[in-house]
Amino acid sequence: MRKVLSVYRYSMQNEVVPRFHQIVPIDDYVLDVLMRDIVGHDQQPAAFLVYLYLSGRAARQRRQPVNASLRMLADETGLSKSAVQSALATLHFRQLVKTSRSHRTAVPAHRVLRHWRSNRARRRSAK
């Protein structure tokens with residue numbers, strides 16, 4: 001019998017039930033444009049992974065900033081801390097993530113920016 005990693009099994013029934021119940025939508029722009037630009041052009045696949053992780057967490061938190069240290073992001077994405085640090089620098093440069101701290105040693109709060117959404121809204125209101 002094959003072992004399936006992402007599901008739980010009920011002992012009473014032989015059904016396979018998905019482990020995750022919430023679907024997180026991803027904008028077409030992220031898959032069609034950002035993936036090609038960040039992974040292909042910038043050659044920073046770690047930045048794309050960090051963006052996807054932060055975007056998913058932000059969506060589950062109703063677009064609130066995601067509180068996560070480098071260590072937390074490294075553990076959650078499977079990347080090294082230095083790869084996460086480099087990825088965040090790329091995301092800051094591309095203005096895809098904005099990071100703030102309440103004080104120097106506080107856990108950073110990462111806000112996922114979606115500039116393509118705000119431009120679309122501005123264009124609609126201008127018409």
Is there a donor-acceptor pair closer than 3.5 Å between any side-chain N or O of Arg101 and the backbone N or O of Pro108?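 Here the side-chain-to-backbone pair does not exist.
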
Quick one: does Gln61's side chain have a donor or acceptor within less than 3.5 Å of a partner on Pro65's backbone?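 Checking the backbone N and O of Pro65 against the side chain of Gln61, a donor-acceptor pair under 3.5 Å is found.
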
Are any non-hydrogen side-chain atoms of Asp28 and Trp116 less than 4.5 angstrom apart? no

For a quick test of reading the model, state the closest non-hydrogen atom pair linking [X] to [Y] and the distance between them.
X: Ser55; Y: Val112; value: N-CG2, 3.9 Å
X: Ser69; Y: Val107; value: N-CG1, 3.8 Å
X: Ala46; Y: Leu79; value: CB-CD1, 3.8 Å
X: Leu49; Y: Thr77; value: O-CG2, 4.4 Å
X: His115; Y: Tyr29; value: CE1-OH, 3.7 Å

Residues forming a side-chain contact (heavy atoms from CB on, under 4.5 Å) with Leu31, sequence neighbours excluded: Ile26

Please list, chain by chain and in numerical order, all residues satisfying side-chain contact (heavy atoms from CB on, under 4.5 Å) with Ala68, sequence neighbours excluded. Val66, Met72, Leu73, His110

Side-chain donor-acceptor distances from residues 85-93 under 3.5 Å, at least two apart:
residue	atom	partner	partner atom	Å
Thr90	OG1	Ser86	O	3.2
His92	ND1	Leu88	O	3.0
His92	NE2	Thr99	OG1	2.7

Single-linkage hydrophobic cluster Tyr53~Val24, side-chain heavy atoms < 4.5 angstrom: no

Passes side chain to side chain contact (heavy atoms under 4.5 Å, CB included), Leu96 versus Leu113? Steps please. CA-CA 5 Å; Leu96 294 170; Leu113 305 175; 5.6 Å; no

Checking Asp37 now: which residues fulfil salt bridge (charged side-chain N to carboxylate O under 4.0 Å, His left out) with it, not counting sequence neighbours?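 Expected list: none.
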
Return the set of residues passing side chain to side chain donor-acceptor pair (under 3.5 Å) with His103 (not counting sequence neighbours), or none when no residue passes. Thr105

Under the side chain to side chain donor-acceptor pair (under 3.5 Å) test, residues paired with Arg94 that sit two or more places apart: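 Here the qualifying residues are Asp42.
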
Would you sort out whether Val30 and Tyr51 count as a side chain to side chain contact (heavy atoms under 4.5 Å, CB included), showing the intermediate values? CA-CA 9 Å; Val30 172; Tyr51 184 81; 4.0 Å; yes

How would you list all residue pairs meeting salt bridge (charged side-chain N to carboxylate O under 4.0 Å, His left out) that involve [range], not counting sequence neighbours?
range: residues 72-92; value: none
range: residues 45-54; value: none
range: residues 46-73; value: none

